[in-house]
Amino acid sequence: MNIRARILGAAAGGGLPQWNCGCENCNLARAGKIPAQSQSSVAFSANGTDWAILNASPDIRQQMADCPALHPTGLRELPLRSVLLTNGDIDHVAGLLTLREMQPFTVFATEGIHEVLAENPVFSALNASVVTRETVRLEQSVEIAPGLSAALFPVPGKVPLYKEGEVVETDLLGDQTVGVHLSAGGSDAYYIPGCATLNDDLRERLKGAALIFFDGTLWRDDEMVRAGLGQKTGKRMGHMSMSGEDGSIAAFAGMEVGRKVFVHMNNTNPVLRPDSAERAEAEAAGWTIGQDGMEISA
Ligand code: MLT
Ligand code: MN
Ligand code: ZN
């Protein structure tokens, strides 16, 4: 058995184009001049038949419609076995509300992330008699689809935007932001759509990995500020940037990772333009820029 991954949505929260954004990339995507990208989600399978969706984006309805492997196989039979959440951000949990039609599946998440769902009564639309919520302890391995195991590990990050208090720690290590180590038979892959910094622990963990999907939110930390779109830096949002001395491209250089794929790109990120110098630079450093519909096996 090997791992099959399909990127359902390569963009960060908001997507490309974002509904209220008139930035260069969003306008190009609206005009059909660069490919549009939907919000953050990747589907994984070990047997090619049963699938787990990692993060349920607000675009999940269209993402599933666009993916034949996830279509119903009977009247109410679906190849979807589970949804696993890596944090409680809106772009990763709002899609659960679309999956509310009395369809059995399991929601896997840490205790902290399940608490966020439990605090929001709207999620009781996922009827507990058919949708099982399973708590996963850090570093514990669980089977999320036949033959496909997942282990969660802490990744520096912050609480969801709607849970922020006056003081925000952007590189908390706990169970509110996690990465996923997927394995099936002899093959494995990592999924880390949000990461504030690549600490020594993560570096050690990821060394020699065959396939990594990694946080590609921004090209540079002050990209949104420079574009006139607000005051938030990538660091403030709990995301490390691709470029620069403390960026992900530099952090992964020389780490001997097989395949490195950026996901969760914000719509301002220049790598979303296929002809940009930044995309060429990322690709020259061995990275693949994730795209909606892209399939990768490990
Ligand atoms: C993020 O990845 O930083 C969040 O999805 C932002 C948000 O919730 O809008
Ligand atoms: Mn996000
Ligand atoms: Zn935009």
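Side-chain atoms are counted along with the backbone in the values below, which use heavy atoms only and exclude waters and symmetry mates. Counting starts at 1 for both ligands and their atoms, following the listed order.
Close approach to His264 involves these atoms of ligand 1, each under 4.0 Å from a residue heavy atom: 2 (O). Of all atoms in ligand 1, listed by their number and element, those nearer than 4.0 Å to a heavy atom of Met237 are 3 (O). Contact atoms of ligand 1 toward Asp89: 1 (C), 2 (O), 4 (C), 5 (O) (distance under 4.0 Å to a heavy atom of the residue).
Atom OD2 is the N/O/S atom of Asp91 found closest to the Mn ion (ligand 2).
If you take OG on Ser183 and CG on Leu148, they are separated by 7.5 Å, rounding to the nearest 0.5 Å. To the nearest 0.5 angstrom, Asp66 atom CG is 7.5 Å from His71 atom NE2. The CE atom of Met240 sits 12.0 Å away from the CG atom of Asp171 when rounded to the nearest 0.5 Å. Considering CZ of Arg4 and OG of Ser187, their distance stands at 12.5 Å, rounded to 0.5 Å.
In this structure, SG of Cys23 and SG of Cys21 enclose an angle of 110° at the Zn ion (ligand 3), rounded to 10°. Remark: at the Zn ion (ligand 3), atom OD1 from Asn267 and atom SG from Cys26 enclose 100°, rounded to the nearest 10 degrees.
The closest protein non-hydrogen atom to atom 9 (O) of ligand 1 is Leu161 CD2, 4.1 Å. Of the protein's non-hydrogen atoms, Asp91 OD1, 2.9 Å is the one closest to atom 5 (O) of ligand 1.
Within 6.0 Å of the CD atom in Gln140, the count of heavy atoms belonging to other residues, nucleotides or ligands exceeds 12.
Among the backbone and side-chain atoms of His264, an N, O or S atom lies under 2.8 Å from the Mn ion (ligand 2).
Assignment of His92 to the shell around ligand 1 is not supported, since no heavy atom sits closer than 4.0 Å.
If you look at His239 next to ligand 1, the close heavy atoms, those under 4.0 Å, all belong to the side chain.
Here the side chains of Tyr191 and Thr86 are in contact, with some heavy-atom distance below 4.5 Å.
Lys207 has a carboxylate O that lies under 4.0 Å from a charged side-chain N of Glu204, or vice versa, which qualifies the two as a salt bridge. Under a 4.0 Å N-O distance rule, the pair Glu143/Arg81 does not qualify as a salt bridge.
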